[in-house]
Amino acid sequence: MAISSKYDPSEIEKKWYAYWMEHGYFYSKPDERPAFSIVIPPPNVTGILHMGHMLNNTIQDILIRRARLRGYNACWVPGTDHASIATEAKVVAKLKENGIDKKDISREEFLNHAWDWTHEYGGVILEQLKKLGCSCDWQRTKFTMDEDMNAAVIKTFVELYREGKIYRGFRMVNWDPEAQTTLSDEEVIYEEKQDLLYYLEYQLKDGSGSVTIATTRPETILGDTAICVNPHDDRYSTLVGKYAVVPVCGRKIPIIADDYVDIEFGTGCLKVTPAHDMNDKMLGEKHDLDVIDILNPDGTLNHHGLHYEGQDRSVARKAIAKELQSSGVLIKTESITHKVGTSERTKAVIEPRLSDQWFLRMDELSQPAIDAVLNTDEIKFFPKKFENTYRHWMINIRDWNISRQLWWGQQIPAYYYGEGNNDFVVAATKEEALEMAQSVSGQQHLKMTDLRQDPDVLDTWFSSWLWPMSVFDGINNPENEEFKYYYPTNDLVTGPDILFFWVARMIMAGHKFSDQKPFSNVYFTGLVRDKQRRKMSKSLGNSPDALKLIEDFGADGVRVGLLLSAAAGNDLLFDDALCQQGKGFANKIWNAFRLVKGWEVSDKDTPVENTLALDWYANKFDLALAEINDHFDKYRLSDALMTTYKLIWDDFCSWLLEAVKPDYGSPIDKKTYDQVIALFEQNLKILHPFMPFLTEEIWQQNATRDSNQALIVSDWPASKDYDQALITDFESVKEVISQLRSLRKSQQIAFKDQLEVLVYGTMDWNPNLIGLIKKLTNLSDMRKVDEKQDGALSFRIGSTEYFVPIVGPVDTEGELIQLTEELKYTQGFLKSVQGKLKNERFVSNAPESVVAIEKQKESDAMDKIQMLQNRIASLGA
RNA sequence: GGGCGCUUAGCUCAGUUGGUUCAGAGCACUUGGUUUACACCCAAGGGGUCGGGGGUUCGAAUCCCUCAGCGCCCACCA
């Protein structure tokens, strides 16, 4: 049967994925084997596969496939995240396209739309992962808003509330006027912006003068309730205790003193707007100031905005500046560069705003999580450098604002039964809430309809932080068999951008709710960037279509391409040339297979050099395997792949196959053939995690296999001791061959012209390998001589010299130049070595072994100089 | 402003405890090669004073100091 010389992945990948699914190799349930589990970082349910996912999931698949081969009961749990704000924003936008405004529909109607959307697009990204070859246990697919997941979230909330760790507070929060919700600190991106700093003059109430303040937000003067100066600022000491008048609205406000104010900045006078600035809020509380909120939730001014009511803050800013200018209050403006908080999702400028929110106390939760990573080494980070970032954040951790003014997510289980917002109970169900409300309030007549559930939902991460536990039902039912078997999970693979959002919180949740770590190792991938180091993004259009890449290069090619330059934690500069390299590698292996399968097998004797070459490769394989295992242990997956790549391409294809390859038209002996096949299969096993499709295809084409003999469920080769001497021997032989090829090239001696090689000195390797050298460099003979041969081409390896009698005209001039240069270099080298040896401090302080090495270098250099001089002389210079 | 990290070949990066194995890999590049698995190939080769300066040491890419450039995290001064 003719096999194509080009490897075509598309059909093959479909075929084997279907085969793996059909035979349930990805499916896992507890058994007597040790468990190895990974939970997927759940992608946004409405998302599509991008390069970051490709990298991240390729890595997880490599880890899980290797674990499976090593005999673990491997379980990779897939799933998606409801991604509260991101999804809600998409749904709102889609409704808008259809002429529907979120404000005009009920919560229930909106949620129906959101669920429709989820059902329509929710599976897309998971289907794409299948194309990449991901061996997830699809029967376990979870969604963060599945019923049991919701139950876990609610249970956790109630528990934390009863412990006093969750509280409601009227706090300054990051308000996104576009999405009309709060954001956590982590969702706010600070961007450098050019703005104007306005200098405004406030008249004193008693008419005794004025005071000038500087602000970047002049519209907020309408919410001013004080002016603050530094108590040590001599310029203003007489003003403290007096009153100033706010321009435009004419409100009388006190002038107070506080160390918080920086004497150097602006005018040294600070307008205090407790409703719209974190620090002003703090000053307000300290000095008991009024709080005047001038904004509506959508970022327009409310009735405190007076004649600017209804205008957006940015519009009002310009308008008010104009008014202030015409009334002479605006003294000057200055350009200023400062950082402005914007919403990660909507890009809207964040307004600090006071509102009722739910918070989770973090102080007690953080300590065990700090210990687990930084003190006990229970959890390891790869690369380790992220432990520093983690430490810094965990030590300065602040309470977590967990409420969001959205509809898509788990609604907060707080039920109000009175008129205001102060009478409420927290309970897992409304029924339970009713009983509690009746008993707490003493009002037995309360009915279900008297209860109002808090309209807010929980931050998305409040479900994500439970993920490794909740996917195994470990929150609702911690004694269940699966949870005990699979948890804690082994590896987590994610990006450093969600170290705090997610990783840190999972560690806290793990210790809080299961008294255990959620995972043992965290592998941080880098960001995927383009060749110009730009972050890949939709708006730049520099993100390649993931599925198109798989079409072009094959999933195996793409996986290799991604891995080749993505050391843990380093950003990956994606270049599809790397996928091309991956595809090329697949083709190389494919052709090696074609070659071997094309051989005609006979029962002739096995040439001794074949035995030696096969022996060498078997040992070389074990050496490489030890390195590969070590790389895996250290989560250096790129290195593991590169070692495998070189082993297969260089050692297996270029050396072993060339060494045993029969002459054209001749058969190969059966023993060699069988061993080559056996070694080929070993290669397939260690390559399988990286290139699952190609390897399974060859594995199955090579022999008829039962369904329980698929490569995916075979075994990872056992580590064996290897014969280093044998490997070294072969390296020497390779060196001889390489030198002979080099010599042919420099002397322009064609391969078809046979050479004779004379050897002076000892060949400390198996002389049976001469046959191999003869075959690979076309020698008529290679034999030992008792005298050096002056006047012949030569090279030297160790203390042995090799002479090749000239068969044709020699490029004397070129060789002379080369030899002279080499002589000069060697003489310089000798001088430096001798200088070192003459240094008494070196000889007396350095270890003997190091000195011995230098002495060896000295004598080798002297020998070499002698040889070079002889050669030059023989050329008649 | 506080903290962390990086700077090694044209590009992307390895270099664990300072000393045979230390100046490396892959890609790219140069040269030669195709009736005999693969041009998505084979072979040979060029290329770096390890960011600058100083110090410790018999010996520094590796340890210390300093300067310059880059990146990330945290906080945020109106």
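Below, chain A is the first sequence line, B the second, and so on; all start at residue 1. None of these values were measured; they are calculated from a predicted model.
With both ends at atom P, the span from A44(B) to A25(B) equals 13 Å, rounded to whole Å. Here, G54(B) and A60(B) have their C1' atoms 14 Å apart, quoted to the whole Å. Taking atom C1' in both U8(B) and A23(B), the straight-line distance is 9 Å, to the nearest Å. Distance noted for atom P between A75(B) and C13(B): 28 Å (whole Å). Only the C1' atoms considered, G19(B) is 7 Å distant from G59(B), to the nearest whole Å. A61(B) and G51(B) have their C1' atoms separated by 12 Å, given to the nearest Å. For the P atoms, the distance linking C50(B) with G10(B) amounts to 13 Å, nearest Å. Between the P atoms of C27(B) and C41(B), the separation comes to 9 Å (whole Å).
Within 4.0 Å (heavy atoms only), C653(A) reaches at least one base atom of the nucleic acid. No contact: W599(A) has no heavy atom under 4.0 Å from any strand. Within 4.0 Å (heavy atoms only), N279(A) reaches sugar-phosphate atoms of the nucleic acid but no base atom. Using a 4.0 Å heavy-atom cutoff across all strands shown, F500(A) reaches sugar-phosphate atoms only and no base atom. Within the 4.0 angstrom heavy-atom criterion, only backbone atoms of the sugar-phosphate kind lie near S654(A); the bases stay farther away. Within 4.0 Å of V261(A), counting heavy atoms only, lies at least one base atom of the nucleic acid. Here K661(A) lies in heavy-atom contact (under 4.0 Å) with a base. If you check every strand for non-hydrogen atoms under 4.0 Å, R636(A) touches sugar and phosphate atoms only. Residue contacts for D277(A): at a heavy-atom cut-off of 4.0 Å it reaches the sugar-phosphate backbone alone, with no base atom in range.
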Exercise. Is there a side-chain contact (heavy atoms from CB on, under 4.5 Å) between R217(A) and D277(A) once you walk through the steps?
Worked result: CA-CA 11 Å; R217(A) 297 188 297 166; D277(A) 186 279; 3.9 Å; yes

Exercise. Should K332(A) and E334(A) be marked as a salt bridge (Lys or Arg N to Asp or Glu O under 4.0 Å) after you check the CA-CA gap, both sets of side-chain angles, and the distance that decides it?
Worked result: CA-CA 7 Å; K332(A) 61 168 179 176; E334(A) 261 174 20; 3.3 Å; yes

Exercise. Could you walk me through whether D651(A) and K734(A) pass the salt bridge (Lys or Arg N to Asp or Glu O under 4.0 Å) check?
Worked result: CA-CA 11 Å; D651(A) 295 319; K734(A) 280 160 80 172; 3.5 Å; yes

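Here the P atom of nucleotide C73(B) and the CD1 atom of I498(A) are 14 Å apart, to the nearest Å. Put simply, CZ on R217(A) is 9 Å from P on A78(B), counting in whole angstrom units. Regarding K745(A), its NZ atom lies at a distance of 8 Å from the C1' atom of G33(B), rounded to whole Å. Atoms CD1 (I263(A)) and P (C77(B)) sit 18 Å apart, rounded to a whole Å. At whole-Å resolution of the value, CG in L647(A) and P in A25(B) are 17 Å apart. In this structure, Q739(A) atom CD and A43(B) atom P are separated by 15 Å, rounded to whole Å. F386(A) has its CZ atom 15 Å from the C1' atom of C74(B), to the nearest Å. Rounded to whole Å, the distance from CZ on R398(A) to P on A75(B) is 6 Å.
Judged purely by atom type and a 3.5 angstrom limit, D195(A) has no side-chain atom pairing as donor or acceptor with the backbone of T216(A).
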Exercise. Could you write out RNA chain B as a dot-bracket string, with dots for unpaired bases, | for bases paired across to another strand, and Watson-Crick or G-U pairs counted at under 3.5 Å?
Worked result: (((((((..((((.....[....)))).(((((.......))))).....(((((..]....))))))))))))....

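Between F381(A) and Y390(A), the ring planes are perpendicular. Angles over 60° get that label, and only those under 30° would be called parallel. Between W649(A) and F585(A), the two ring planes are parallel [angle under 30°; tilted spans 30° to 60°].
A donor-acceptor pair shorter than 3.5 Å can be found between the side chains of N702(A) and K597(A). Inspection of the Y202(A) and D224(A) side chains reveals an N or O donor paired with an N or O acceptor under 3.5 Å. Counted by atom type alone, T273(A) and K281(A) present zero donor-acceptor pairs between their side chains at under 3.5 Å. No hydrogens or angles considered: a donor-acceptor pair under 3.5 Å links the side chains of Q581(A) and Y645(A).
Remark: S738(A) is in phosphate contact with A44(B), judged by side-chain N or O atoms under 4.0 Å from OP1 or OP2. A close approach under 4.0 Å does not occur between any side-chain nitrogen or oxygen of W590(A) and OP1 or OP2 of C40(B). For K752(A), no side-chain nitrogen or oxygen approaches OP1 or OP2 of G33(B) to under 4.0 Å.
Each of S742(A) and D571(A) was assigned the nucleotide of RNA chain B with the nearest heavy atom; the assignment lying further toward the 5' end belongs to D571(A). Heavy-atom nearest nucleotides on RNA chain B were determined for K583(A) and for A592(A), and the one closer to the 5' end corresponds to A592(A).
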Heteroatom pairs (N/O) under 3.5 angstrom, protein to nucleotides 2-11 of chain B:
| unit_1 | atom_1 | unit_2 | atom_2 | d |
| --- | --- | --- | --- | --- |
| C4(B) | O3' | N388(A) | ND2 | 3.2 |

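Put simply, the side chain of W400(A) reaches to within 4.5 Å of the side chain of R505(A), judged on heavy atoms.
Among C74(B), A78(B), A39(B), the nucleotide with an atom closest to any side-chain atom of W393(A) is C74(B). Looking at the side chain of F842(A), the nearest of the listed nucleotides C27(B), C38(B), C58(B) is C58(B). For K271(A), the side-chain atoms get nearest to A78(B) when compared with the rest of A78(B), A37(B), G32(B).
Within a 6.0 Å radius of CD in Q748(A), other residues, nucleotides and ligands contribute 12 heavy atoms or fewer.
For A37(B), the base has a donor-acceptor partner in the side chain of E658(A) [N/O atoms by modelled type, under 3.5 angstrom].
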